[in-house]
> 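Got a structure for you, written out below as structure tokens; questions coming shortly.
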Amino acid sequence: MVDTASAQHTGTPTAKHDAGVNPGTNASENSGKNASENSGKNTSKHTSDNAGKHTDIRIDVDMVETLLLGRWAEDRRISRRLVLDPALHKTEGLGTIEHRARAFEQLQILVDAGAIQRPYPPELGGQDNHGGNLAAFEEITTADPSLQIKAGVQWGLFGSAVHHLGKARNHEEFLPGIIGFDVPGCFAMTETGHGSDVQNIATSATYDPATQEFVVHTPFRGAWKDYIGNAALHGKAAVVFAKLVSQGVDHGVHAFYVPLRDDDGAFLPGVGGEDDGVKGGLNGIDNGRLHFDHVRVPRTNLLNRYGDVAEDGTYSSPIDSPGRRFFTMLGTLVQGRVSLDGAAVVAQKIGLQIALTYAMQRRQFPTAGGVEGVLLDYGRHQRRLIPRLATVFAQSFAHEQLLRTFDDVFSGRADTPERREDLETQAAAFKSLSTWSALDTLQECREACGGAGFLAENRLTSLRADLDVYVTFEGDNTVLLQLVGKRLLTDFRKRAPRDAASTAKFVASQVGAKLADASGLRRLGQTVADRGSLAASVTDLHDPATQRALLAGRVDTMVTEIGLRLNTAGKDRARQAVLLNRSQHELIEAARAHAELMQWDAFTEGLDAVPEGDTRRVLVWLRDLFALGLLEQHLDWYLVHGRLSAQRARAVSASIDRLVARLRPVVPQLIETFGYEPGHVRAPIALGEEQARQDEARAWFAAEAAAGRLPEQEKKPRA
């Protein structure tokens, strides 16, 4: 999956990937005759860059909505209908105490509605529906991100840990109370002193064969479990991650079911903690800290799927390697990253629907005709929002692929080590990009709505605040991209030769490629010289084979440069570590580039389901806009490496300008494909309030002018 050289799209697009053009042509938005560059030969409504000429384009909204809903469309629809209930909505401005109480009560509404049982076994009232569970869960974001995350703590982390790390004895004893919400719980992994570095946490669980109990202990302040959802108030039990010690041997991190509070909410003996207090967002969740002073739990409270301890203290595991055992255990909990990716996409759709609707109604500054223009008719406003619309479409298609990989693994249909590794890499890559993108998009939407965007009632500031922590939830994004980068290096090492003679040839070929880059002779698989005009360069950049060659080439080049550098260390591990540390920034950039390539691939593959016509044409424009946006973002790299000439670099920005203008008339239809109702959006400026103000103002001016009551304007003398 991560080998860009062997990915499904190898640079030879099918006819469908050309969005209705003849195979082998370069133009992806017309009949293959470069109509937009030859207006004298073609008078089709689609051949002009004048946005007004595209106002009669009609896309199949229902078809695109179904595409975006994905395989688990019905699960999403059920969840969307549920969260229309005002009882589940966030009340803006609510105090922390009140918000926590409201979120706690809302969890019971989800239970009563049968909204949380999907992933559990049928014998426990579930459906073994893993993909549908996450698809439905992500839609709760529209109601209140605090509710989504609090539900995620209870059933996506606490419940899933028991489900996937435990065996039958754990399921029978603990899952009914978790599913029925009789036992609100916590997922106690992170420590104050060890965030993403879970393998080196300090909390221990030492087995005492005399009593057949584990003794859970946090030896110092830095070992306290921190930022734990439900820990401050509501959690009655926790899945605690600790080093399992038996017969004097540390067997690494394992998970234990540990009771925390009695029925009156008081901590049990040996358990302590404190409230994290008010946060920058998600204040409906009672995050807190937990610590344990030699707390004893029965031997059978060990979640024993990947490791067990007999009565006499003998340790056993189906996985011999401690390292592989640890990463396998953590891999079972990957659904948190998957769901955060999906929730970030949902939040961006809501934000864009608010900002784009407002931009199509809010009028500002007289146009050439003397009438105030709507914001979205101004080029800069189009540039700030429409490319982000293209990005969220790409993320939607990518997330659907991630959900399918997740379901393949967790359903058991394709639960292989290779498929699990693919899942972990995809989840780390997509979660990082979408959560960063959510902060960027929501902030741009806020600014694009001016003062109205800063009002809490219009939700943009609230959504951004709540999603801020998503970039460090379930792993800091920078650390996650290092995981992706290391996977890329592993794949590189598999491809690189090992014997001296072959290595010399391989290095020579790479050096030759780098020299060609520096000299500017490499030109993305085209002719050495530019084709002589900006128009021709624009056309070439719309060719999907060209787009993929550029995106994949960037990944391959960066990974190869790092891989060759590390190879100079030979078997000297200390030297390897030094070189890897020096390459860390480049490795993260390579991982990010790989994630962007996977999103482009997912978008392009998604086009296979769309027949020829306006719908396909518009989706290809969006795909092209996404690709060109990536090129523009990394233009310095392409220029330095000679992958784009100055002429083509100019063509990138020119083409983006053309595409946003071309897409402007279909924006209302595109946001309609999101399928969100007013009860999901809940922002007055996107639900008619602004339109009513504009209508009132225009009617008043028209009436005053007709009655002759408008004062004459002061005429300034000509200079």
Side-chain angles (χ1 to χ4, degrees), residues 96-105 107-108 146 149-155 157-159 161-162 166 170 173-178 180-194 201-208 211-245 253-279 282-303:
T96 299
I97 295 174
E98 294 80 10
H99 196 177
R100 287 176 171 183
R102 181 175 174 84
F104 183 76
E105 293 167 0
L107 292 190
Q108 190 62 53
S146 282
I149 296 300
K150 193 169 180 71
V153 169
Q154 175 68 19
W155 296 291
L157 293 175
F158 179 49
V162 173
N170 306 129
E173 184 174 1
F174 304 129
L175 277 181
I178 295 172
F181 198 44
D182 300 311
V183 182
C186 307
F187 182 81
M189 176 185 284
T190 301
E191 295 183 355
T192 306
H194 291 90
I201 59 175
T203 301
S204 62
T206 304
Y207 183 64
D208 180 357
T211 61
Q212 294 188 34
E213 293 173 316
F214 283 100
V215 181
V216 181
H217 184 61
T218 46
F220 48 81
R221 178 61 182 82
W224 283 23
K225 299 298 180 179
D226 211 342
Y227 322 115
I228 309 301
N230 289 343
L233 291 174
H234 300 141
K236 287 186 176 181
V239 169
V240 177
F241 288 79
K243 294 286 188 68
L244 189 160
V245 179
V253 177
H254 288 65
F256 301 82
Y257 185 95
V258 180
L260 299 177
R261 290 182 171 89
D262 60 25
D263 291 338
D264 295 324
F267 278 126
L268 296 172
V271 180
E274 60 188 31
D275 196 327
D276 276 331
V278 179
K279 308 182 296 292
L282 296 180
N283 279 301
I285 305 168
D286 54 316
N287 292 88
R289 305 178 181 98
L290 297 170
H291 57 88
F292 307 94
D293 184 5
H294 298 91
V295 174
R296 289 178 172 267
V297 297
R299 178 181 65 89
T300 53
N301 279 29
L302 167 65
L303 304 182

> Is the shortest side-chain heavy-atom distance between Lys236 and Asp263 below 4.5 Å?
yes
> Just jot down the salt bridge (charged side-chain N to carboxylate O under 4.0 Å, His left out) partners of Arg296, sequence neighbours excluded, or say none.
Asp208, Glu213
> Within a strict 4.5 Å, meaning less than it, do heavy atoms of the Phe214 and Leu244 side chains meet?
yes
> Can you see which heavy atom on Leu290 is nearest to which on Ala231, and at what distance?
CG-CB, 3.9 Å
> Looking at Cys186 and Ile228, what are the two nearest heavy atoms and their distance?
CB-CG2, 3.6 Å
> Do the non-hydrogen side-chain atoms of His217 and Asp293 ever get within less than 4.5 Å of each other?
yes
> With heavy-atom distances below 4.5 Å as the criterion, would you say the side chains of Pro259 and Val271 are in contact?
no
> Are Lys150 and Asp286 close enough for a salt bridge, meaning some N to O gap below 4.0 Å?
yes
> Kindly compute the distance separating CD (Glu98) from CG (Asn283), expressed to the nearest 0.5 Å.
11.5 Å
> Yes or no on side chain to side chain contact (heavy atoms under 4.5 Å, CB included) for Val216 and Thr203, after CA distance, side-chain angles and deciding distance?
CA-CA 7 Å; Val216 181; Thr203 301; 4.2 Å; yes
> Looking at Phe187, Phe256, Phe292, which hits ring pair (Phe, Tyr, Trp, His ring centres under 6.0 Å) with Phe241?
Phe187
> Atom CZ in Arg102, atom NE2 in His99: separation rounded to 0.5 Å?
8.0 Å
> Mind checking whether Arg100 and Ile285 have side chains closer than 4.5 Å, heavy atoms only?
no
> CG/Asn230 to CG/Leu107 distance, rounded to the nearest 0.5 angstrom?
7.5 Å
> Between Trp224 and Glu274, does a side chain to side chain contact (heavy atoms under 4.5 Å, CB included) hold up when you go through it step by step?
CA-CA 10 Å; Trp224 283 23; Glu274 60 188 31; 3.8 Å; yes
> Can you give me the closest heavy-atom contact between Ala103 and Gly284, atom names plus distance?
CB-O, 3.4 Å
> Between atom NZ of Lys279 and atom OH of Tyr227, what is the distance when rounded to the nearest 0.5 Å?
12.5 Å
> Assert yes or no for the condition that the ring centre distance of Phe181 to Phe104 is strictly below 6.0 Å.
yes
> If you count the non-hydrogen atoms of other residues, nucleotides and ligands that lie under 6.0 Å from CD1 in Ile97, is the total more than 12?
no
> Rounded to the nearest 0.5 Å, what separates atom CG in Leu157 from atom CD1 in Ile149?
8.5 Å
> Looking only at non-hydrogen atoms, find the nearest pair between Ala202 and Ala223 and report the distance.
CB-CB, 3.8 Å
> Sub-3.5 Å donor-acceptor pair from the side chain of Gln212 to the main-chain atoms of Pro298, do we have one?
no
> Restricting to non-hydrogen atoms, name the atom on Phe158 and the atom on Pro184 that form the minimum distance, rounded to 0.1 Å.
CE2-C, 4.3 Å
> Can you name the one residue among Thr192, Val240, Thr190 that meets side chain to side chain contact (heavy atoms under 4.5 Å, CB included) with Lys225?
Val240
> Which heavy atom of Val183 sits nearest a heavy atom of Ala237, and at what distance?
CG1-CB, 3.9 Å
> Compare all side-chain heavy atoms of Gln154 with those of Ile178 and state whether any distance is below 4.5 angstrom.
yes
> Determine whether Arg289 and Asp276 satisfy the following criterion, side chain to side chain contact (heavy atoms under 4.5 Å, CB included), listing intermediate values before the conclusion.
CA-CA 7 Å; Arg289 305 178 181 98; Asp276 276 331; 3.0 Å; yes
> Return the CZ to CG distance between Phe174 and Leu303, rounded to the nearest 0.5 Å.
7.0 Å
> When you measure from the side chain of Asp264 to the backbone of Ala266, do you find a donor-acceptor pair of N or O atoms at a distance under 3.5 Å?
no
